Amino acid sequence: MMKDIFKYGSFTSKEIKPSGWLLRQLQIQAEGLSGNLDKMWPDIRDSAWIGGDKEGWERVPYWLDGFIPLAYLLDDEDLKSRAQRYIDAIIEGQKPDGWICPCEEVERSRYDVWAYFLICKVLVVYFECSGDERIEGVISRALKYLKIHLRGSTLFCWGAARWFECMIPILWLYDRKKEEWLEELAITLGTQGTDYKRLFRYWKDQQPRREWSYQTHVVNLAMALKSEAVFSGITGEDPGEFAEMMHAMLIRHHGTAVGHFTGDECLAGDSPVQGTELCGVAEAMYSYELIARITGDPIWADRTEFLAFNAFPATTSPDMWTHQYDQMTNQIACVKMNEPPVFGSNNVDANRFGLEPNFGCCTANFNQTWPKFALNTFVKSEEGVVSWVLAPSVLTTEQKGVPVKITLDTKYPFGGKLVYTVVCDGEAEFSLGIRIPSFASKAFVDSEEAECGKIFTINRVWSGENTVTVDLMFEIQMNERPENMFALQRGPLVYAVPIKERWVMDEYTASGVERKFPYCDYDIYPESQWQYAFASEDFAVEEGEISDLPFSAEKPPVTIETELAVINWGTMEGQPLVCRRTPLDTAAISVEKVKLQPYGCTNLHMTELPKAKR
């Protein structure tokens, strides 16, 4: 019998609501590309999933995976009705034998069932948000047919690489009906799918190969971090051991200054001018969120936050109407590159901002990130509630039958104060756990010192209105990077030199897909100095207000001023708007005072810098 694997349970979108800057971030997403894809992008608007003639594979499921929780977290009736239109069509399209994807019966053996896994996972998300009673039967029929299907059509391509994603609906259904066939299906998937544990035991990809492979594909690996964790209910093994080992190897050999690993499209080394695919960031965050709830280890919540506050917001424009396929941590321009591009297997426009630069998977997939992050702000423990990933939010639930409302008011990560207001409609004894991030150098809960990187737990009988105040202290640190480079970090934020930008709109139609403002493509050219090195260890922090665009490049909520030296850096041969990995000369030409911004509040940026020779 499979075991329950989750140390922490999840709350639903009915119980958790974003507030403050996080609410605004979700509103921006709904106002931007994510909230409008079904109106203007053919692969969503006219998809075969709803009876159209366009793509009938991963793009609609990818989009719904974020659009559904977005709609319910915002409690937006228009968004919810549009999501239900797709779900109704998908349910109506399910065949009597249980097959659920849009293809003819004769095509099933050639249909990559990665999309099958994904739509079943989406249906779980829809149930958790809506409570639709049809969903359990739909998923049960779909998984029963999948079990039969795999007898004669074994996993291949993306389905083989991402088999463990199907564990999400399997675990969800098994929690409701403990039937042996579900365990058998899980074992079949684990047997037919890629064995990442063995792959990393004999790993040979410490250096980038600059060739395309399923085994080095950045999104597959970002997903695979959770493979053993979600399978641990069957193996009985430590759910975090393999994830920790795999993560350490990826970061050691392919890590970036902002906590992710490169992949453009496949593992690309540790250079700040190699790309990191947006889908990889989104899927790594989801993996970290699941591993965190399965293991209860706060380090995975730390890692979730680090991507959410740094790598992810930099992949989209602040208004979330455009995005990059590949971001570079030292990025002096976002324009069509010369041939051949610096990327391993992506094309020349992969780091432009636009509707679907390079490939459209990220267009559909990026919108899962903020909604799922919001759903992890509070989690369930056996003793009560844990404030897990830290962002302004409100939890309305019950403890011991007593209605409880917990509000977190904070500017974190742009500030270090957290204020919890706990209101109980009666008396209830439960614990409130507060994750103290390891990014803090010191922390105090109601003036009592708390250990960083741990859960601070308050056990008491709660009644009426109570306030708990957390103060986090942040220190500035210079993180060493390869080839004598350094990245500046304070608390959960990495800081970068912002480069003034000139955006040039590009409206056109290609392959029947229109790029038209506000969802057109852009070239972004640098309009200010970028050839810098650190010239001082004196840093002045200035905190301000959070604007209507929380990750604004023009009005960042916090800055750090320091002295930087102008040096001779130079660009890459054949790529006039891509900086070299390391400068030609670090001798200071002149020194300037510069305000560094949070990496997530930049579009063009220099993040890894050397120290100047004076």
Side-chain angles (χ1 to χ4, degrees), residues 28 32-33 36-37 40-41 262 264-265 268 271-279 281 311-363 366 496-532 549 551-554 569-581 597 599-607:
I28 292 168
L33 198 59
N36 288 281
L37 280 176
M40 39 65 59
W41 198 35
T262 58
D264 56 19
E265 182 110 338
S271 169
V273 296
Q274 291 303 144
T276 297
E277 186 186 337
L278 171 49
C279 275
V281 179
F312 180 70
T315 61
T316 69
S317 57
D319 65 2
M320 282 195 262
W321 268 106
T322 68
H323 69 282
Q324 294 178 287
Y325 195 84
D326 290 331
Q327 65 170 298
M328 305 152 82
T329 48
N330 281 1
Q331 182 168 274
I332 64 171
C334 297
V335 299
K336 186 174 290 188
M337 294 183 180
N338 294 341
E339 290 280 9
V342 300
F343 303 132
S345 59
N346 289 159
N347 64 31
V348 294
D349 71 346
N351 82 326
R352 296 177 92 201
F353 279 78
L355 173 63
E356 48 176 317
N358 192 75
F359 194 68
C361 57
C362 294
T363 308
F366 84 85
V497 176
I499 303 171
K500 291 182 181 179
E501 310 153 4
R502 177 168 58 90
W503 290 59
V504 178
M505 185 185 304
D506 187 10
E507 294 183 313
Y508 63 100
T509 298
S511 302
V513 180
E514 185 180 44
R515 278 81 165 169
K516 181 180 180 181
F517 179 82
Y519 51 88
C520 55
D521 291 358
Y522 295 90
D523 289 303
I524 311 177
Y525 294 91
E527 294 283 294
S528 65
Q529 178 62 264
W530 57 267
Q531 301 196 66
Y532 285 119
L549 295 175
F551 289 90
S552 169
E554 296 180 357
W569 196 301
T571 55
M572 291 184 65
E573 183 177 350
Q575 298 290 349
L577 289 173
V578 177
C579 71
R580 290 169 49 85
R581 174 173 184 170
Q597 297 179 186
Y599 178 88
C601 297
T602 63
N603 300 305
L604 302 183
H605 43 245
M606 290 292 289
T607 311

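In this chain, residues are counted from 1 in sequence order. This is a predicted model, so every value here is computed, not measured.
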Using atom types as modelled and distance alone, determine if a side-chain donor or acceptor of Gln324 lies under 3.5 Å from a backbone N or O of Thr276.
no

Measuring from atom CD1 of Ile524 to atom OG1 of Thr322, what distance do you get when rounded to the nearest 0.5 angstrom?
6.5 Å

Nearest 0.5 angstrom please: Ile499 CD1 to Ser528 OG, how far?
6.0 Å

Can Asp523 and Arg502 be counted as an ion pair, charged N to O under 4.0 angstrom?
no

Say you draw a straight line from SG of Cys334 to CG of Asp521; how long is it, rounded to the nearest 0.5 Å?
12.0 Å

Can a donor-acceptor pair be found, under 3.5 Å and without considering hydrogens, that links the side chain of Asp264 to the backbone of Gly344?
yes

For the pair His323 (side chain) and Leu278 (backbone), establish whether a donor and an acceptor sit closer than 3.5 Å, ignoring hydrogens and angles.
no

N/O donor-acceptor pair under 3.5 Å between Gln531 side chain and Trp569 backbone:
yes

Looking only at atom types and distance, does a side-chain atom of Gln597 sit under 3.5 Å from a main-chain N or O of Ala496, one as donor and one as acceptor?
no

How long is the span from the CE atom in Met40 to the CZ atom in Arg515, to the nearest 0.5 Å?
9.0 Å

Output for pair (Cys520 SG, Met505 CE), nearest 0.5 Å, gives 4.5 Å

Flag side-chain contact, heavy atom, 4.5 Å: Tyr325 against Cys361
yes

Does the Ser271 side chain pair with the main chain of Val273, one donor and one acceptor, at a distance under 3.5 Å?
yes

Would the distance check show the side chain of Thr509 and the main-chain N or O of Glu514 forming a donor-acceptor pair, the cut-off being under 3.5 Å?
no

If you look only at pairs with a residue in residues 501-520, which of them pass as a ring pair (Phe, Tyr, Trp, His ring centres under 6.0 Å), with sequence neighbours excluded?
Phe353-Trp503, Trp503-Tyr522

Please check: side-chain N/O of Gln331 versus main-chain N/O of Ala333, any donor-acceptor pairing under 3.5 Å?
no

Is a donor on one side and an acceptor on the other found under 3.5 Å between the side chain of Thr607 and the backbone of Thr329?
yes

Indicate yes or no for a side-chain donor-acceptor contact from Asn338 to the backbone of Gly574 under 3.5 Å, with no hydrogens or angles considered.
yes

Drop me the distance from Asp326's CG to Asn347's CG, to the nearest 0.5 angstrom.
9.0 Å

